[in-house]
Amino acid sequence: MVPQIGGILGNMVRIEQGFFENHVVEVAQELLGKILVFQQYQGIIIETEAYRGMDDEASHAFKGPTNRARIMFGSPGVSYVYMIYGMYHCLNIVTEPLGQPSAVLIRGLKLLSPSSLLLDGPGKICRTLGISLTHNGIDITTNDALYVLDNDTTSLVANQQFIATKRIGINKATDKLWRFIVKEL
DNA sequence: CGCAAGATTATT
DNA sequence: ATAATCTTGCGA
């Protein structure tokens, strides 16, 4: 039985820090199908990308803990929000143990509440939900407004209900297929 | 201090 | 394919 996107949600539990302490690729995959909550908004995560500072030339953290990227070196389960192209924001979640720079970019959301809406693209997500630099550095394992819920015991990963591709807008490390998308919506 | 590049999006 | 728009990081 494959969990259906948009179907009835069962008992939901906040995802704890231990979940984010794993390898960023695994976390990016396992985040698919889970519920991102921000204030009054709730949406199913349908697309993610993994970025890993130590061996990934495309990561903001590749060159070390710069002012912007240092949060990627910090605690797992913390938000990393940055501005891109002077007009959009992107929401990430820091992963892996302290000191191992990595983060998952949230690229796609199927909004369930307050209304049904497909948000395909990290900039659209932040623009619609109202996420900006003020939401950088939030511990989403304890925060009241921003967190992730697990909606099912069955993972889309175990059921191979996702696809891996090259990351969008990335010309470096193109051998890494670290963009993950839920197969059917 | 100047400058080039950038984890995007909407429009042509 | 390209404009919009501005922060970041690097080198001088």
Side-chain angles (χ1 to χ4, degrees), chain A residues 15 19-34 36 38 41 43-96 99-111 115-140 146-148 156-157 162-182 185:
Chain A
I15 295 181
F19 174 90
F20 299 106
E21 207 156 14
N22 295 301
H23 193 289
V24 63
V25 168
E26 181 189 337
V27 177
Q29 294 173 351
E30 291 290 351
L31 236 21
L32 296 175
K34 300 210 169 11
L36 178 74
F38 178 63
Y41 298 99
I44 300 178
I45 297 171
I46 58 173
E47 181 181 341
T48 60
E49 275 177 2
Y51 289 89
R52 194 157 195 267
M54 61 275 292
D55 55 12
D56 175 10
E57 201 187 351
S59 171
H60 289 165
F62 182 68
K63 295 166 188 166
T66 60
N67 187 56
R68 179 176 67 168
R70 73 178 184 279
I71 197 157
M72 290 180 67
F73 290 74
S75 301
V78 170
S79 65
Y80 166 38
V81 180
Y82 62 86
M83 169 164 271
I84 189 65
Y85 297 110
M87 56 190 100
Y88 298 105
H89 294 281
C90 292
L91 171 66
N92 300 251
I93 302 171
V94 174
T95 64
E96 305 202 20
Q100 299 188 38
S102 54
V104 175
L105 171 64
I106 308 298
R107 292 192 53 90
L109 213 56
K110 186 181 191 311
L111 206 60
S115 58
S116 181
L117 180 64
L118 184 64
L119 298 173
D120 53 341
K124 294 179 186 177
I125 292 175
C126 289
R127 188 182 58 190
T128 301
L129 304 200
I131 291 174
S132 67
L133 265 16
T134 61
H135 307 289
N136 187 34
I138 292 176
D139 182 350
I140 73 166
L146 180 63
Y147 50 94
V148 181
L156 300 181
V157 178
F162 74 97
I163 299 167
T165 76
K166 286 189 290 189
R167 294 170 293 183
I168 301 297
I170 298 295
N171 316 307
K172 302 167 184 168
T174 51
D175 57 309
K176 288 179 166 60
L177 305 182
W178 284 3
R179 173 182 178 230
F180 307 106
I181 319 161
V182 172
L185 302 182

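Here is the naming used below: chain letters follow the sequence lines, and residue numbers restart at 1 for every chain.
Nucleotide C:dC6: paired with B:dG6 (Watson-Crick or G-U wobble, both distances less than 3.5 Å). The nucleotide C:dA1 finds its pairing partner in B:dT11, both defining distances of the Watson-Crick or G-U wobble pair being shorter than 3.5 Å.
Summarising the geometry, the separation between NE2 on A:His60 and C1' on B:dT8 is reported as 12 Å, rounded to the nearest angstrom. Between the CG atom of A:Leu105 and the P atom of B:dT8 there is a distance of 7 Å, rounded to whole Å. The distance between atom CD1 of A:Ile84 and atom P of B:dA5, rounded to the nearest whole Å, is 14 Å. Distance NE2 (A:His89) to P (C:dT8): 11 Å, rounded to an integer number of Å. Going from atom CD of A:Glu57 over to atom P of B:dA7 covers 12 Å, rounded to whole Å. One interatomic measurement links the two molecules: CD1 of A:Ile168 to P of B:dA7, which rounds to 13 Å at whole-angstrom precision. Rounding to whole angstrom units, CE of residue A:Met83 and C1' of C:dT7 are separated by 8 Å. For the pair A:Tyr80 OH and C:dT8 C1', the interatomic distance rounds to 10 Å; values are reported in whole Å.
Residue A:Tyr85 is the one, among A:Tyr85 and A:Ala69, whose nearest nucleotide of DNA chain C lies closer to the 5' end (criterion: closest heavy atom). Both A:Gly121 and A:Lys172 sit near DNA chain B, but only A:Lys172 has its closest nucleotide nearer the 5' end. For A:Met87 and A:Leu133, each mapped to the nucleotide of DNA chain C holding its nearest heavy atom, the one lying further toward the 5' end belongs to A:Met87.
With values rounded to the nearest 0.5 angstrom, A:Leu91 atom CG is found 6.5 Å from A:Leu36 atom CG. Taking OG of A:Ser59 as the start and CD1 of A:Ile170 as the end, the distance is 9.0 Å to the nearest 0.5 Å. Between A:Leu109 atom CG and A:Leu118 atom CG the span is 9.0 Å, to the nearest 0.5 Å.
Using a 4.0 Å heavy-atom distance criterion, A:Ala103 is classed as making no nucleic acid contact. Among the protein residues, A:Gly86 comes within range of the nucleic acid bases, having at least one heavy atom under 4.0 Å from a base atom. No contact: A:Arg167 has no heavy atom under 4.0 Å from any strand.
Distances from the side chain of A:Thr66 to the nucleotides C:dC10, B:dT8, C:dT5 place C:dC10 closest. The nucleotide whose nearest atom lies closest to any side-chain atom of A:Asn67 is, among B:dA10, B:dA7, C:dG9, C:dG9.
Checking the phosphate oxygens (OP1, OP2) of B:dA7, no side-chain nitrogen or oxygen of A:Arg179 falls inside 4.0 Å. Contact annotation: A:Arg127 reaches the phosphate of B:dA10 (side-chain N/O to OP1 or OP2, under 4.0 Å). Using a 4.0 Å cut-off, no side-chain N or O of A:Lys63 falls inside it from OP1 or OP2 of C:dT8.
Using atom P as the reference point in both C:dT5 and B:dG2, the two lie 22 Å apart (nearest Å).
Residues A:Gly64 and A:Ala69 approach most closely at O-CB, 4.1 Å, considering heavy atoms. A pairwise comparison of heavy atoms in A:His60 and A:Arg68 identifies CD2-NH2, 3.3 Å as the closest pair.
Judged by distance alone, with hydrogens and angles left aside, the side-chain atoms of A:Ser102 form no donor-acceptor pair with the main-chain N or O of A:Tyr51 at under 3.5 Å.
Residue-nucleotide stacking is not present for A:Tyr88 and B:dT8, judged by a side-chain ring centre under 5.5 Å from the six-membered base ring centre and planes under 30° apart. Stacking of A:Tyr82 onto the six-membered ring of B:dA7 is not present when judged by under 5.5 angstrom between centres and under 30° between planes.
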